[in-house]
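Read the structure below first, then the notes.
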Amino acid sequence: MKSIIIDPYYTLIIATLVLLVGRLLVTKIKILRDFNIPEPVAGGLLAAVIIYLLYIKYEISLDFNTNLQDAFMLFFFSSIGLSADFSRLKAGGKGLIIFLGVVALFIVVQNSVGVGLASALGQKPIMGLITGSITLTGGHGTAGAWGKILETKYNIEGATSLGMASATFGLILGGLIGG
């Protein structure tokens, strides 16, 4: 098995290329547009298939350096937070209040189902949270942040990978249902 270590800057370049390829795929393939598949998901799925084929056919393992990940996630979520203002919330009115109530209800449902299934399958109940609202409401960024905490503090091996898989599942299923 040959392992190729990719430094942070080449990792960033590859991630940018994956995003651009995803944009191209969504632009050119009608079914991806029709089902609202996000560009990072389309490009990331293609990249995952290519990396898998390299691993299976040529026994090449790619090891991406994620040192820049936390900084870029902080930039991303800060930019979203800085763009929020209360006038938009106020303009939402009664519809926004109803939406907030439905979202809060579904957060409870997601966690109840996740914890219940984890317990029924003989897993730690906290593991159900990583497949509940942490990922299905929070998405990939939240999965990455909480995955590290669950792995180090609660000794749940593979929590980040499980979180990323669950967030991807939620994103794709949400796109299919919403589309």
Side-chain angles (χ1 to χ4, degrees), residues 11 15 18-19 22 25-26 31-32 34-49 51-52 55 61-64 66-84 88-89 92 94-179:
T11 298
V18 167
L19 180 61
L25 289 172
V26 171
I31 194 167
L32 295 178
D34 290 347
F35 285 104
N36 297 314
I37 303 300
E39 296 160 357
V41 172
L45 185 60
L46 179 62
V49 168
I51 291 169
Y52 176 71
Y55 181 80
S61 172
L62 300 180
D63 186 14
F64 293 96
T66 59
N67 287 343
L68 295 174
Q69 179 181 355
D70 290 338
F72 279 107
M73 285 175 49
L74 182 61
F75 295 151
F76 174 74
F77 289 114
S78 296
S79 68
I80 290 174
L82 291 172
S83 70
R88 290 184 188 167
L89 293 175
K94 184 179 176 184
L96 183 62
I97 300 292
I98 293 169
F99 180 71
L100 178 63
V102 171
V103 168
L105 175 69
F106 274 100
I107 288 172
V108 172
V109 169
Q110 289 170 347
N111 287 335
S112 299
V113 170
V115 169
L117 285 174
S119 298
L121 295 171
Q123 302 294 322
K124 295 178 183 177
I126 197 168
M127 206 165 166
L129 294 178
I130 198 76
T131 59
S133 68
I134 289 175
T135 55
L136 298 178
T137 302
H140 290 87
T142 310
W146 278 100
K148 291 177 186 175
I149 292 169
L150 292 174
E151 287 174 350
T152 56
K153 191 172 181 179
Y154 296 100
N155 296 322
I156 298 176
E157 189 175 331
T160 302
S161 297
L162 178 62
M164 292 299 173
S166 180
T168 302
F169 171 77
L171 186 65
I172 291 170
L173 193 61
L176 290 173
I177 291 171

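None of these values were measured; they are calculated from a predicted model. The residues of the chain are indexed from 1 along the displayed sequence.
The side chain to side chain donor-acceptor pair (under 3.5 Å) pairs that include a residue from residues 111-131 are Asn111-Ser133, where partners are two or more places apart or lie in different chains.
Separating the CD1 atom in Ile51 from the CG atom in Leu46 is a distance of 9.5 Å, to the nearest 0.5 Å. Interatomic distance, CG of Leu136 versus CG of Leu129, reported as 11.0 Å (0.5 Å rounding). Note that CD1 of Ile156 is 11.5 Å distant from CD1 of Ile149, once rounded to the nearest 0.5 Å. Atoms CG and CG, from Leu25 and Leu45 in turn, are 9.5 Å apart once rounded to the nearest 0.5 Å. Here OH of Tyr154 is found 5.0 Å from CD1 of Ile126. Values are rounded to the nearest 0.5 Å.
For Leu32 against Ala42, the heavy-atom pair with the smallest separation is CD1-CB, 4.2 Å. Across every non-hydrogen atom of Gly128 and Ala118, the tightest pair is N-CB, 3.7 Å. Closest non-hydrogen pair, Leu150 versus Ala159, comes out as CB-CB, 3.8 Å.
Checked against side chain to side chain donor-acceptor pair (under 3.5 Å), Asn67 has the following partners two or more places apart in sequence or in another chain: Asn65. Applying the salt bridge (charged side-chain N to carboxylate O under 4.0 Å, His left out) criterion to Glu39, with sequence neighbours excluded, gives Arg23. Partners of Asp34 according to the salt bridge (charged side-chain N to carboxylate O under 4.0 Å, His left out) rule, which considers only residues two or more places apart in sequence or in another chain, are Lys30.
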Considering only distance and modelled atom types, tabulate donor-acceptor pairs under 3.5 Å from the side chains of residues 164-171, sequence neighbours left out.
residue	atom	partner	partner atom	Å
Ser166	OG	Thr135	OG1	2.9
Thr168	OG1	His140	NE2	2.8
Thr168	OG1	Met164	O	2.8

Scan the side chains in residues 99-110 for donor-acceptor partners under 3.5 Å anywhere in the protein, sequence neighbours excluded, and list what turns up.
residue	atom	partner	partner atom	Å
Gln110	OE1	Thr137	OG1	2.8

